[in-house]
There are 2 protein chains.
Amino acid sequence: MFSKACEYGIKASIYIALQSIQGERVSLKKIAREINSPEAFTAKVLLQLAKIDIIKSSKGPSGGFEISKDKIDTIMLADIVFAIDGNSIYEGCALGFDTCNATKPCPIHDKFVNVREELKKMLLNTSLYELATGLEVGLTFLKQRKS
Amino acid sequence: MFSKACEYGIKASIYIALQSIQGERVSLKKIAREINSPEAFTAKVLLQLAKIDIIKSSKGPSGGFEISKDKIDTIMLADIVFAIDGNSIYEGCALGFDTCNATKPCPIHDKFVNVREELKKMLLNTSLYELATGLEVGLTFLKQRKS
DNA sequence: TCTATTTCGGACAAAATTATCTTTATTTAA
DNA sequence: TTAAATAAAGATAATTTTGTCCGAAATAGA
Ligand code: SF4
Ligand code: SF4
């Protein structure tokens, strides 16, 4: 569904959001530990998000990542997915044509667009805020429980 | 969404189904040309489908691939996707955990399962037959029009 | 039987994705 | 001003996916 990069991006963003709500800035190291992701690879992803101002980064001791409090509820899952995986989710087709051609559609077009629209709607309507708060109250988790 | 292998598998199956409805067996070469896919790679995919009896193959001159007429309307998109991409579509998660954990879900679980169910339903309910007939009457296409 | 045609099977190659390592730049605070 | 901490940047490596090549096996027909 999403690339690994995107998965890490989403998880990291949710974690950073939660910490930011609580007024904390978090280091790459802590993020990677918390979402169980490879540190250096996660750094690349975060850099991408930082470049388009979805997250803020600062170097030096006590540096790390954060998200402006006033942005947390306006940043949507769609923004993160788009930043990392591009518009493949929106435009990409089950049968992988370059450009979708609704007037001369591929055989599964009619069946497929519904699903795609559903996904799109979900991504567009889900804010980082609501995801982070689920975490906060302990309803949801970012790591699999240890076995 | 799907792997390239799966895309080719779907397209090829639809094309073979259409030809089979019309009583024709088709060669790999023709399939690859018709769905615009790499020949040898497509062969691997078709082999996978042949091994689990979704399609039939025969060697030698006038050999090729076909699908039993009586199977065409019972083979679902889900069968093909499952054969090639496995159950990742059904079990795979947005955040990529090994095993889904609905009791302790990841933050986007509630949002995500709807979409996944929608996709699942679509795959399970779409038969090769209806896809092929759309092609037949010229409503849908397997190749992008030439530019 | 012989030949041409076609799928099958395995090895190989290229490309894309994911991951690591090392160095550099920046910032904080002692 | 120095040292430590941290992200940024770039080189490199590993893995997975995608794609190619070639010989083997099977089959139909001459
Ligand atoms: S015609 Fe529809 S389903 Fe097919 S590739 Fe285009 S958008 Fe996707
Ligand atoms: S909790 Fe739900 S959304 Fe999250 S990984 Fe599991 S099935 Fe997917």
Side-chain angles (χ1 to χ4, degrees), chain A residues 1-13 15-16 19 24-67 81 83-86 88 92 95-96, chain B residues 1-13 15-16 19-20 24-67 81 83-86 88-89 92 95-96:
Chain A
M1 182 68 71
F2 304 118
S3 67
K4 276 296 177 196
C6 196
E7 285 179 8
Y8 299 147
I10 295 172
K11 290 184 192 177
S13 297
Y15 180 66
I16 298 168
Q19 295 302 309
E24 300 285 331
R25 182 187 284 165
V26 280
S27 70
L28 170 62
K29 191 171 302 188
K30 195 170 176 194
I31 294 169
R33 193 169 52 227
E34 210 63 33
I35 70 175
N36 197 31
S37 69
E39 201 175 306
F41 189 67
T42 306
K44 312 275 180 194
V45 176
L46 292 181
L47 185 59
Q48 278 188 278
L49 295 177
K51 285 212 171 129
I52 60 172
D53 287 315
I54 286 182
I55 63 182
K56 275 194 299 188
S57 72
S58 34
K59 292 180 182 177
S62 84
F65 298 88
E66 64 188 307
I67 302 179
V81 172
I84 300 172
D85 278 353
S88 65
L95 299 193
Chain B
M1 181 69 72
F2 304 119
S3 67
K4 275 299 177 193
C6 196
E7 285 180 9
Y8 299 147
I10 294 172
K11 289 183 192 178
S13 297
Y15 180 66
I16 298 169
Q19 296 301 308
S20 294
E24 302 283 333
R25 181 188 285 164
V26 280
S27 71
L28 171 63
K29 192 171 300 187
K30 195 171 176 194
I31 294 169
R33 195 170 51 228
E34 210 63 33
I35 71 175
N36 197 29
S37 69
E39 204 174 304
F41 190 65
T42 307
K44 311 275 181 193
V45 177
L46 292 181
L47 186 60
Q48 277 189 276
L49 295 177
K51 284 208 172 131
I52 59 172
D53 288 314
I54 286 182
I55 64 182
K56 273 194 300 189
S57 71
S58 33
K59 293 181 182 176
S62 84
F65 298 89
E66 65 188 305
I67 302 179
V81 172
I84 301 171
D85 278 353
S88 66
I89 287 285
L95 299 193

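Proteins come first, then strands; the chains are lettered A, B, ... in the order of their sequence lines, and each starts at number 1.
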What is the distance from [atom1] of [X] to [atom2] of [N], rounded to the nearest Å?
X       : N      : atom1 : atom2 : result
A:Lys44 : D:dA7  : NZ    : C1'   : 11 Å
A:Gln48 : C:dT18 : CD    : C1'   : 13 Å
B:Tyr8  : D:dT17 : OH    : C1'   : 11 Å
A:Glu39 : C:dT18 : CD    : P     : 19 Å
B:Phe41 : C:dC8  : CZ    : P     : 16 Å
B:Leu28 : D:dC21 : CG    : C1'   : 14 Å
A:Phe2  : C:dT18 : CZ    : P     : 13 Å
B:Leu47 : C:dG10 : CG    : P     : 10 Å

Would you kindly compare A:Ser62 and A:Pro38 by the position of their nearest DNA chain C nucleotide and give the one closer to the 5′ end? A:Pro38
Comparing B:Ser27 and B:Ala40 on DNA chain C - which has the more 5′ nearest nucleotide: B:Ser27
State the [atom1]-[atom2] distance between [X] and [Y], to the nearest 0.5 angstrom.
X       : Y       : atom1 : atom2 : result
A:Ser13 : A:Ile54 : OG    : CD1   : 7.0 Å
A:Ile55 : A:Leu46 : CD1   : CG    : 4.5 Å
A:Glu34 : A:Lys11 : CD    : NZ    : 12.0 Å
A:Glu39 : A:Ser27 : CD    : OG    : 8.0 Å

What does [X] touch in the nucleic acid at a heavy-atom separation under 4.0 angstrom: a base, only the sugar-phosphate, or nothing?
X       : result
A:Lys30 : nothing
A:Lys51 : sugar-phosphate
A:Ala43 : nothing

A side-chain contact here means heavy atoms from C-beta on lying under 4.5 Å apart; do A:Lys30 and A:Tyr15 qualify? yes
Candidates C:dA19, C:dC8, D:dA7 - which lies nearest the side chain of A:Lys59: D:dA7
Tell me which of B:Thr42 and A:Lys29 sits closer to the 5' end of DNA chain D, going by the nucleotide each one is nearest to. A:Lys29
